Amino acid sequence: MQPAEKPIRVRFAPSPTGYLHVGGARTALYNWLFARSRSGSFILRIEDTDTSRSTDEAIVQIISSMEWLGLGWDEGPGRPGAYGPYRQMERAALYRQASGQLLSEGKAYRCYCTEEELDEDRKRARAAGRPIVYCGRCRELSAAGEQAFIAEGREAVIRLRMPETGRTVVRDLIHGDVEFENAQLGDFILVRSNGVPTYNFAVAVDDAAMEITHVVRGDDHLANTPRQLILLAAMGKQAPAYAHLPLILGHDRSPLSKRHGSVSVEEFRARGYVREALINYLALLGWSYDAETTLFSVDELVEKFSLERVGSTAAVFDTEKLLWMNGHYIRVLSAGELEARIEEYIKGTSLEGLPGKDGKPGLAELVPLVQEKMKTLADFLDLTDFFFLPLEFEPEIIEKLRGSVQPAAVLEKAIQVLYELPDFDTGTIEASLRRAAADMDIKVGKFLQPLRIAVSAKMVTPGMFETLAVLGREESLARLKAALVLIQ
RNA sequence: GCCCCCAUCGUCUAGUGGCCUAGGACACCGCCCUUUCAAGGCGGCGGCGCGGAUUCGAAUUCCGCUGGGGGCACCA
């Protein structure tokens with residue numbers, strides 16, 4: 001038997017420069033799923049070494065989106081662990097110690113090149129068709145030379161001394177072995193002149209220090225990986241396993257961005273998407289279980305997810321499919337749960353606080369009428385606002401009303417019939433209205449349409465019989481009479 | 001410019017040399033159901049980027065091309 005394997009530790013490491021993007025959410029989800037399915041730990045690490053773009057608001061946003069999605073972390077902000085702190089800017093001592101060691105061992109060196117010099121180098125390299133990497137001018141600086149630069153007032157960055165020959169292979173769980181020419185990599189910067197570590201350095205130090213076993217991240221980092229591998233080796237650390245996920249694209253196959261519409265988790269939430277749909281959809285964007293299954297609960301995902309079945313092709317984000325899936329999850333929510341989601345959702349909208357107030361119908365009455373028609377929580381507003389808000393008849397809708405089959409006669413008939421009903425429940429209403437339509441020799445659909453418009457000022461509503469019942473006799477009759485006046 | 005990744009219906013994908021007459025899902029179209037709209041049921045349309053090679057046999061392997069994407073920052 002093999003010795004017991006080290007417990008799995010994965011991390012999601014966003015840089016707090018904006019909202020949580022669906023691409024980031026998918027990366028977080030895959031990490032989370034992997035950790036959960038292998039009883040490992042999921043760590044949230046904030047990579048805020050870009051001090052000019054990182055903000056606290058972004059951290060709050062990212063955390064809120066992750067919590068909403070249900071992607072809880074075992075260690076990270078608000079959940080202290082043995083490997084903290086979990087914000088890179090709070091780990092400065094660690095990086096300083098690591099760079100100091102590299103420097104003293106001669107594995108890294110100070111570079112005093114100016115931006116102009118570097119720009120010049122790059123231009124020349126490009127013109128000559130050579131790879132654009134640091135030329136190594138400061139590699140073997142003498143102590144005297146260094147003093148001269150310092151006297152000039154130049155500030156130094158710290159660069160890693162990279163091998164000039166050989167190849168480095170990244171053993172990627174998704175892409176297989178990917179080889180890189182070391183000479184193409186260049187002596188990259190570990191520490192900026194202001195003392196703040198760069199991404200590649202901080203990542204390598206932290207992945208090692210936090211004992212990360214698997215790095216699951218976006219494809220855009222694949223080309224960085226050989227640098228991190230060499231750096232890790234220089235520090236005498238063991239490298240984690242890597243899995244690079246293909247990117248998510250927009251409809252035009254360019255990387256998904258704001259101009260493709262909603263891209264942040266927060267926006268989808270605001271537009272009435274439910275977490276179940278977003279999770280399921282994102283899980284399937286790049287991963288599949290078999291040839292048949294499309295619907296997965298979170299528990300099923302945890303049970304069935306594996307990195308082996310993650311594909312290597314970039315995927316186009318399809319809002320239509322997400323919308324369908326959202327409708328599906330809204331339909332399968334229990335009525336009580338959907339009420340809770342709607343209650344939460346309508347806060348801040350025109351319907352806030354209205355259901356159940358002043359004799360108005362409550363969510364419990366309304367949900368059964370609209371559940372199967374809703375594709376997003378936002379649809380609830382369109383579907384039910386006429387129960388609460390004053391009717392506004394657009395000129396076109398009045399025309400529709402006038403243009404329906406014998407509108408005045410139908411309205412009068414309905415008023416009379418509904419007025420005389422012994423009970424005002426759905427069944428009784430349906431029976432009487434169907435009889436009335438038959439009496440007038442009008443098809444039920446045609447008969448109901450003027451009532452629908454009269455009562456809602458809309459062409460599309462929940463079922464008419466249920467709607468009238470929920471509205472109540474008094475309100476229904478008042479609206480029918482008002483409509484009668486309107487068309488005369 | 002140099003390095004790397006990717007390539008099956010419009011989209012997400014199944015497929016690892018014969019089970020493929022290429023399967024499923026969304027979208028689309030038609031029919032059914034029907035009280036409007038949805039939902040649901042049934043059916044349909046639709047794809048292996050191109051060219052070579054290997055093989056008795058290739059969506060599946062190899063090479064080239066083309067196309068898309070990423071990296072080459074004191075961004076992550």
Side-chain angles (χ1 to χ4, degrees), chain A residues 13-15 17 47-50 52-54 111 113 115 118 122 125-133 155-159 170 172 174-175 178-181 183-186 188-200 202-203 217-226 244 246-247 249 251 253-255 281 284-295 309 311-325 327-328 331 370-375 379 383 430 433-434 437 443-449 451-453 456 458-467:
Chain A
S15 59
T17 54
E47 310 219 324
D48 54 353
T49 54
D50 182 350
S52 61
R53 294 200 303 149
S54 298
C111 166
C113 291
E115 219 164 299
L118 263 17
R122 276 191 277 268
R126 177 180 287 265
R130 276 182 284 120
I132 303 176
V133 294
E155 289 187 319
V157 299
I158 299 175
R159 289 185 186 272
V170 176
D172 190 90
I174 292 169
H175 295 283
V178 183
E179 286 192 24
F180 294 85
E181 201 82 50
Q184 298 270 356
L185 268 19
F188 64 96
I189 295 176
L190 262 25
V191 182
R192 300 176 172 93
S193 53
N194 66 1
V196 177
T198 60
Y199 164 75
N200 278 121
V203 148
R217 70 206 335 180
D219 233 352
D220 46 336
H221 291 294
L222 183 54
N224 278 319
T225 310
H244 288 95
L247 264 29
L249 312 176
H251 266 302
R253 302 206 78 89
S254 69
Y281 181 71
L284 241 33
L285 205 56
W287 169 85
S288 65
Y289 175 65
D290 58 17
E292 314 296 319
T293 325
T294 26
L295 266 8
R309 290 201 58 87
S312 51
T313 320
V316 173
F317 192 89
D318 181 4
T319 327
E320 286 295 330
K321 190 162 184 174
L322 206 212
L323 186 62
W324 163 78
M325 213 174 253
H328 166 80
R331 264 172 263 133
V370 300
Q371 183 158 15
E372 66 175 15
K373 299 178 192 297
M374 294 171 62
K375 284 201 163 78
D379 289 343
L383 252 12
E430 173 163 8
L433 255 22
R434 281 187 187 282
K443 290 178 78 174
V444 179
K446 297 288 185 193
F447 182 87
L448 257 18
Q449 200 55 14
L451 307 192
R452 186 184 312 282
I453 298 172
S456 68
K458 290 174 194 285
M459 292 294 286
V460 175
T461 69
M464 216 30 340
F465 310 125
E466 295 82 353
T467 296

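Every chain is numbered from 1, with letters handed out A, B, ... down the list of sequences. Note that the coordinates shown come from a computational prediction; the quantities given were computed from them, not determined experimentally.
- Closest to the side chain of A/L247, out of B/U36, B/G70, B/A76, is B/G70.
- For A/E372 (side chain) and A/R331 (main-chain N/O), no donor-acceptor pair under 3.5 Å exists by modelled atom type.
- Between A/R53 and B/A76 there is no side-chain N or O to OP1 or OP2 distance below 4.0 Å.
- Contacts of A/T461 with the nucleic acid, taken as non-hydrogen atoms under 4.0 Å apart, include base atoms.
- When the C1' atom is used for both B/A7 and B/C50, the distance is 12 Å, rounded to whole Å.
- As a whole-Å value, the separation of A/E181 CD from B/C72 C1' is 14 Å.
- With a cut-off of 3.5 Å on both pairing distances, the Watson-Crick or G-U wobble partner of B/G30 is B/C42.
- Nucleotide B/G49 has B/C65 as its partner under the Watson-Crick or G-U criteria, with both atom distances under 3.5 Å.
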Short N/O separations, protein against nucleotides 23-26 of chain B, under 3.5 angstrom:
from, atom 1, to, atom 2, distance (Å)
B/G23, N2, A/A291, O, 3.1
B/G24, O2', A/E292, O, 3.2
B/A25, N3, A/K321, NZ, 3.1
B/C26, O2', A/K321, N, 3.4

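- Partners of A/D219 according to the side chain to side chain donor-acceptor pair (under 3.5 Å) rule, which considers only residues two or more places apart in sequence or in another chain, are A/H175.
- For the P atom pair drawn from B/U13 and B/U21, the interatomic distance equals 25 Å after rounding to whole Å.
- With sequence neighbours left out, the ring pair (Phe, Tyr, Trp, His ring centres under 6.0 Å) criterion links A/F317 to A/F268, A/Y281.
- Nucleotide B/U55 forms a pair with no other nucleotide shown, judged by Watson-Crick or G-U wobble geometry with both contacts under 3.5 Å.
- Across all strands, A/G129 comes closer than 4.0 Å only to sugar-phosphate atoms, never to a base (heavy-atom distances).
- Distance, A/E372 CD to B/A38 P: 12 Å, rounded to whole Å.
- Nucleotide B/U60 is matched to nothing when pairs are restricted to Watson-Crick or G-U wobble geometry with both distances under 3.5 angstrom.
- Listed pair A/R331 / B/G40 meets the phosphate criterion, a side-chain N or O lying under 4.0 Å from OP1 or OP2.
- Between the side chain of A/R434 and the base of B/U35, no donor-acceptor pair under 3.5 Å is found.
- OP1 or OP2 of B/A76 sits under 4.0 Å from a side-chain N or O of A/T49.
- The 12-atom threshold is exceeded at NZ of A/K458, counting heavy atoms of other residues, nucleotides or ligands nearer than 6.0 Å.
- Listed by chain and number, the residues in a side chain to side chain donor-acceptor pair (under 3.5 Å) with A/R53 are A/D50 (sequence neighbours excluded).
- Here A/Q371 lies out of heavy-atom contact (under 4.0 Å) with every strand.
- Annotation: salt bridge (charged side-chain N to carboxylate O under 4.0 Å, His left out) contacts of A/R434 (sequence neighbours excluded): A/E430.
- Comparing B/G68 with B/G24, their P atoms are spaced 32 Å from each other, to the whole Å.
- The side chain of A/E47 sits closest to B/A76 out of B/G69, B/A76, B/U35.
- Pairing of B/G1, defined by two Watson-Crick or G-U wobble distances under 3.5 Å, is identified with B/C72.
- Partners of A/H328 under the ring pair (Phe, Tyr, Trp, His ring centres under 6.0 Å) rule, at least two apart in sequence or in another chain, do not exist in this structure.
- In terms of the salt bridge (charged side-chain N to carboxylate O under 4.0 Å, His left out) criterion, A/R130 has no residue partners (sequence neighbours excluded).
- Between B/G15 and A/R309, a contact under 4.0 Å exists linking OP1 or OP2 to a side-chain N or O.
- Contact record, A/E47 with A/A13: OE2-CB, 3.3 Å, taken as the closest heavy-atom pair.
- If you take atom P in B/G46 and the same atom in B/A22, they sit 12 Å apart, rounded to whole Å.
- Taking atom P in both B/C9 and B/G49, one finds a spacing of 7 Å when rounded to whole Å.
- With distances taken from any side-chain atom of A/S254 to the nucleotides B/G69, B/C3, B/G1, the minimum falls on B/G69.
- A/K375 has a side-chain polar atom (N or O) that falls below the 4.0 Å cut-off from OP1 or OP2 of B/A39.
- A/I132 comes within 4.0 angstrom of a base, heavy atoms only.
- Between the A/R309 side chain and the A/S288 main chain, a donor and an acceptor come within less than 3.5 Å of each other.
- The distance from atom CZ of A/R159 to atom OG1 of A/T198, rounded to the nearest 0.5 Å, is 10.0 Å.
- Contacts of A/H244 with the nucleic acid, taken as non-hydrogen atoms under 4.0 Å apart, are absent.
- Nearest nucleotide to the side chain of A/D50, out of B/C2, B/A76, B/U36: B/A76.
- Under the rule for a ring pair (Phe, Tyr, Trp, His ring centres under 6.0 Å), the partners of A/Y199 that lie at least two apart in sequence or sit in another chain are A/H221.
- With sequence neighbours left out, the salt bridge (charged side-chain N to carboxylate O under 4.0 Å, His left out) criterion links A/E155 to no other residue.
- A residue-by-residue look at A/V191 and A/G286 shows that A/G286 has its nearest nucleotide of RNA chain B further toward the 5' end.
- Judged by distance alone, with hydrogens and angles left aside, A/S193 brings a side-chain donor or acceptor within reach of the base of B/C74, the pair sitting under 3.5 Å.
- Here B/C12 is the nucleotide among B/A14, B/C12, B/A38 with the atom lying nearest to any side-chain atom of A/R253.
- Taking for each of A/H251 and A/E466 the nucleotide of RNA chain B with the nearest heavy atom, the 5'-most of the two is the partner of A/H251.
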I'd like a table of atom pairs between the protein and nucleotides 62-64 of chain B - only N or O on both sides, under 3.5 Å - with the distance next to each one.
none

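- Pair check for B/A25 finds B/U11; Watson-Crick or G-U wobble, both atom distances under 3.5 Å.
- For the P atoms, the distance from B/A27 to B/G41 is 12 Å, rounded to whole Å.
- Rounded to the nearest 0.5 angstrom, A/N224 CG and A/H244 NE2 are separated by 8.0 Å.
- Using a 4.0 Å heavy-atom cutoff across all strands shown, A/K458 reaches no nucleic acid atom at all.
- Distances shown here put every side-chain N or O of A/R217 at or beyond 4.0 Å from the OP1 or OP2 atom of B/G70.
- Nucleic acid contact class of A/P462 (heavy atoms, under 4.0 Å, all strands): base.
- A/D379 meets the salt bridge (charged side-chain N to carboxylate O under 4.0 Å, His left out) test with no other residue; sequence neighbours excluded.
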Below 3.5 Å between N/O atoms, which protein atoms pair up with nucleotides 5-8 of chain B? Just atom names and distances, please.
from, atom 1, to, atom 2, distance (Å)
B/C5, O3', A/H175, ND1, 3.0
B/C6, OP1, A/H175, ND1, 3.3

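- Nucleotides B/G15 and B/C19 are separated by 15 Å at their P atoms, to the nearest Å.
- When the P atom is used for both B/G51 and B/A58, the distance is 14 Å, rounded to whole Å.
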